[in-house]
Amino acid sequence: LFRSQPEKYKLSAGLRLDMTPQEIETHLQKHLSTDRVNLIKSGLTIPTYQVRLNKTADGRTRADVTRDGNEFMSSQMLVSAVAIANVSWIQIASIIVEAVLLVLSAVGIKADVSSSVIEKTAQEVVQTVESSSALQKAVKALQEAFAGGSNWEKAKAIFNLIKDTKSAGILWKIIKGLCSNMSWWDWTKTAATVTAMIIAVLATDGVALIAKIALALQSAYEFGKKINNLRDLDALAKTM
């Protein structure tokens, strides 16, 4: 069950912060199966929901929240600072949930991403983010990294965000929510695997997990758009 401890040491050996994604993939392939590597590569493409900022005919901005092309949450007109903040929390929640989904992918676990599970989990995250200055600060650092940082700097910012979800007491709530449809035995294995990984990561500089995140970032187009949305929402808030 506790494969993450020895796996972490194997993966960390030989990793460098100047490695390209191709070099990271080659390194991981020496220690992990092709299926595991592919799961990591797709770790930031697991969909939660999308927030789209659209202009209306009268020049105002409307936030539409969709999933698989269908309405997921009610649209909101962004005509006040409160409305903009509410949509920002919703967007941040999807970013955090997708970061945790990446963690699960990094240890070889496929989580449930059904609409009902994502909606309930996102609501819990929104409530936590609203009152957590540490998480808000971590999200700002993530925005800064995506504004011009290297691939490794972006990966490190996501890694720090994940660590802050643990400090804020929300990490395990998210994991339990995403794994709520698992059987008791599958959940026991998942909890043991993730616990071992978290212990290993917090005891080190997290280079093995950061490398996996850096590899996943190559396919993270939609994830990047979510970060850009936060920038656009910040800019819109300044006009209120």
Side-chain angles (χ1 to χ4, degrees), residues 1-8 11 32 35-36 38-49 67 72 89-132 134-136 138-139 142 155-204 206 208-213 215-217 220 222-223 226:
L1 290 182
F2 292 89
R3 67 186 181 192
S4 288
Q5 279 281 12
E7 179 179 291
K8 181 265 299 185
L11 295 182
L32 303 176
D35 286 345
R36 282 286 306 281
N38 287 337
L39 188 61
I40 293 166
K41 289 170 66 177
S42 63
L44 281 174
T45 64
I46 304 170
T48 51
Y49 51 86
R67 178 179 164 89
F72 185 65
W89 303 138
I90 290 169
Q91 183 66 94
I92 289 170
S94 75
I95 290 169
I96 290 175
V97 172
E98 289 179 15
V100 176
L101 281 166
L102 172 57
V103 171
L104 295 177
S105 296
V107 293
I109 296 166
K110 290 184 178 180
D112 179 11
V113 290
S114 66
S115 292
S116 59
V117 166
I118 293 298
E119 183 175 10
K120 181 179 179 181
T121 304
Q123 288 172 350
E124 291 184 349
V125 176
V126 166
Q127 293 172 3
T128 300
V129 173
E130 286 179 322
S131 58
S132 174
L135 275 177
Q136 292 172 27
V139 171
L142 184 63
K156 183 65 179 294
I158 294 174
F159 171 77
N160 288 335
L161 176 62
I162 293 166
K163 288 208 303 183
D164 283 331
T165 64
K166 182 178 184 300
S167 300
I170 193 67
L171 177 60
W172 273 107
K173 290 182 181 179
I174 298 172
I175 293 172
K176 288 179 180 178
L178 294 173
C179 300
S180 59
N181 289 337
M182 285 185 176
S183 67
W184 177 86
W185 175 240
D186 284 341
W187 165 244
T188 300
K189 291 191 294 182
T190 296
T193 300
V194 176
T195 297
M197 183 273 294
I198 291 172
I199 291 172
V201 165
L202 295 182
T204 67
L209 179 56
I210 294 171
K212 292 176 180 179
I213 297 171
L215 180 59
L217 278 169
E222 282 293 332
F223 188 83
K226 295 172 188 284

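For the numbers below, each heavy atom of this structure counts, side chains included, while hydrogens, waters and symmetry mates do not.
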Mind listing the closest non-hydrogen atom pair of [X] and [Y] along with its distance?
X      : Y      : answer
Val117 : Ser180 : CG2-OG, 3.8 Å
Leu44  : Glu98  : CD2-O, 3.9 Å
Ala134 : Asp164 : O-OD2, 4.0 Å
Thr190 : Cys179 : CG2-SG, 3.9 Å
Ala216 : Gly43  : CB-N, 4.5 Å
Ile162 : Ala99  : CD1-O, 3.8 Å

To the closest 0.5 Å, what do you measure between [atom1] ([X]) and [atom2] ([Y])?
X      : Y      : atom1 : atom2 : answer
Ile213 : Lys156 : CD1   : NZ    : 10.5 Å
Leu171 : Thr165 : CG    : OG1   : 4.0 Å
Asn160 : Ser167 : CG    : OG    : 10.0 Å
Trp187 : Lys176 : CH2   : NZ    : 6.0 Å

State whether Tyr49 and Lys226 meet the cation-pi test: NZ (Lys) or CZ (Arg) under 6.0 Å from the six-membered ring centroid, and within 45° of the perpendicular axis.
->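 So Lys226 does make the cation-pi contact.
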Just so I know, are the side chains of [X] and [Y] near enough to count as touching, which here means a heavy-atom distance under 4.5 Å?
X      : Y      : answer
Leu135 : Leu161 : yes
Thr48  : Leu101 : yes
Ile40  : Leu32  : yes
Phe223 : Ile158 : yes
Trp89  : Gln127 : no

So, the side chain of [X] versus the backbone of [Y]: is there a donor-acceptor pair under 3.5 Å, distance only?
X      : Y      : answer
Lys212 : Ala106 : yes
Arg67  : Ile118 : no
Thr45  : Ser42  : yes
Gln136 : Glu130 : yes
Ser132 : Thr128 : no

Before giving the answer on side-chain contact (heavy atoms from CB on, under 4.5 Å), spell out for Glu124 and Val129 the whole-Å C-alpha distance, their side-chain angles and the decisive distance to 0.1 Å.
-> CA-CA 9 Å; Glu124 291 184 349; Val129 173; over 6 Å; no
For the side-chain contact (heavy atoms from CB on, under 4.5 Å) test, which of Asn181, Ile174, Ile175 pairs with Leu178?
->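 Single side-chain contact (heavy atoms from CB on, under 4.5 Å) partner of Leu178 among Asn181, Ile174, Ile175: Ile174.
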